[in-house]
Structures are given as structure tokens and as C-alpha cells.
Amino acid sequence: MRLVAVLAVFAIVLAGCGNDAGGDAATPGIPDQTQQATSETRSQPETSAPTPSATSPAATPVKRTGTVIKSAKSQFGMMLFDGTGQAIYLFDKEQTTKPECYGACAEAWPPVLTKGSPAAASGTKQDLLDTTKRTDGTTQVTYGGHPLYFYAHEAKNEVKCHNIRGFGGLWLVVTPAGRAAAS
């Protein structure tokens with residue numbers, strides 16, 4: 001009986017969240033050309049580089065190779081997106097940085113993964129970004145202590161699944177302050 005209930009919830013989530021979210025798809029603000037980056041590569045200069053001298057090599061900028069997290073305007077206010085414009089959500093069932101969304105849940109709500117230190121851009125705070133290990137060994141991005149997720153059936157610059165119940169909790173967009181947006 002439990003399997004039937006889980007499959008029913010999964011079918012509802014897969015059908016799309018658009019009408020339940022209370023709004024149409026949003027288009028995040030167009031980022032400044034100097035802040036535009038892919039989700040895998042971003043360069044950021046050191047904040048305090050030593051002054052080069054004749055006997056020391058020139059300072060090398062710090063490379064951030066991880067996923068870029070930015071904020072942009074949506075129908076739910078300012079919220080998080082990845083560097084490509086994919087909306088980002090948190091799962092309110094998770095009360096720590098330990099992910100609980102696996103299997104069918106992670107198929108519908110893929111984790112925001114990174115292969116390096118995540119990078120803050122356009123209105124996000126680097127000190128709120130961190131990572132956590134998943135059971136499969138991949139590294140998931142966290143923000144404000146929350147593991148981050150995408151919705152699998154949403155296009156870039158769409159926000160259709162805020163305040164949607166599924167897999168035992170609510171899926172909510174994340175504000176630049178690291179909290180769930182108002183329901």
C-alpha cells in the first residue's frame with residue numbers, strides 16, 4: 001500500500017508543478033556580462049595577492065571550478081539559480097546538511113552537484129555555500145545549511161514547483177539569505 005502511495009505522489013510530481021505553484025514561469029534577470037559563467041567553471045581573483053618582485057613569481061588567481069550559484073528575480077521574489085538559469089529548491093524534510101532525497105525522489109528532484117568548490121555570483125553569499133557528500137560519493141551543493149535540488153521537468157528560467165508537497169516534505173525555492181521563500 002505504501003508503494004502505491006509513493007508512486008501516486010511521484011506521478012503527480014512528474015505531471016508538472018506549474019498549476020500548483022501559483023504562477024507562470026519566471027525569467028530571471030539578465031546577468032551582467034562580467035558575472036556570466038557556466039555551472040562548471042568560474043575564475044575569481046585572490047583578494048590579497050602579494051606584490052610581485054623580481055625574485056618571486058607573479059600571483060596566480062584562485063580558480064573556482066565548482067557550480068556557480070546566483071540569485072535572480074522570480075514570481076516568488078529573489079531566489080537561487082545555477083549559473084545556467086536552472087531554478088534551485090530545498091526540501092523542508094531535510095533539517096541538516098545530510099541529503100535524504102534518493103532513488104525516485106532524486107530522479108524527480110536531482111541534487112545540485114559540483115566537482116569543485118561552489119562559487120557565489122550575482123547576489124549570493126560565498127559564506128553560505130558549502131558541500132555535503134551523498135551516499136554515492138558525489139558532492140552536493142548546500143546553501144545556508146540546506147542541500148540544494150533542481151526539478152527534473154523544468155526548463156531553464158522556469159520556476160514551477162515552489163511550495164509543492166512530494167516525497168514526504170515541501171519543495172521550496174531558496175532565497176539569497178539561505179531560507180525558503182514564503183509559501
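Sequence positions, counted from 1, serve as the residue numbers for this chain. Small disclaimer: the values here were computed from a predicted structure and weren't measured.
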Side-chain heavy atoms of [X] within contact of [Y], under 4.5 Å:
X: Lys125; Y: Pro176; value: no
X: Trp171; Y: Tyr149; value: yes
X: Asn163; Y: Leu170; value: yes
X: Phe167; Y: Cys101; value: no
X: Thr97; Y: His146; value: no
X: Phe81; Y: Lys156; value: no

Under 3.5 Å, side chain of [X] to main-chain N/O of [Y], donor-acceptor pair present?
X: Glu100; Y: Phe91; value: no
X: Thr124; Y: Ile69; value: yes
X: Glu94; Y: Pro99; value: no
X: His162; Y: Ala180; value: no
X: Gln86; Y: Gly83; value: no
X: Tyr151; Y: Lys160; value: no
X: Gln140; Y: Lys98; value: no

From [atom1] ([X]) to [atom2] ([Y]), nearest 0.5 Å:
X: Leu129; Y: Leu80; atom1: CG; atom2: CG; answer: 8.0 Å
X: Met79; Y: Lys73; atom1: CE; atom2: NZ; answer: 14.0 Å
X: Tyr102; Y: Arg134; atom1: OH; atom2: CZ; answer: 4.5 Å

Exercise. Between Phe150 and Trp109, does the ring centroid distance fall short of 6.0 Å?
Worked result: no

For this session: Considering non-hydrogen atoms only, spot the tightest contact between Pro110 and Ala152 and give its length.
Result: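 Distance-wise, the nearest heavy atoms are CD-N, 3.7 Å.
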
Problem set entry | Nearest heavy-atom neighbours spanning Ala121 and Val68 |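 So the minimum-distance heavy-atom pair works out to CB-CG1, 3.8 Å.
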
Do [X] and [Y] share a hydrophobic cluster (ILVMFWY, side-chain heavy atoms under 4.5 Å, transitive)?
X: Ile88; Y: Leu128; result: yes
X: Val174; Y: Ile164; result: no
X: Leu172; Y: Leu148; result: yes

Problem set entry | Option from Thr114, Leu113, Asp82 for which side-chain contact (heavy atoms from CB on, under 4.5 Å) with Val141 holds |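 Output: one option passes, namely Thr114.
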
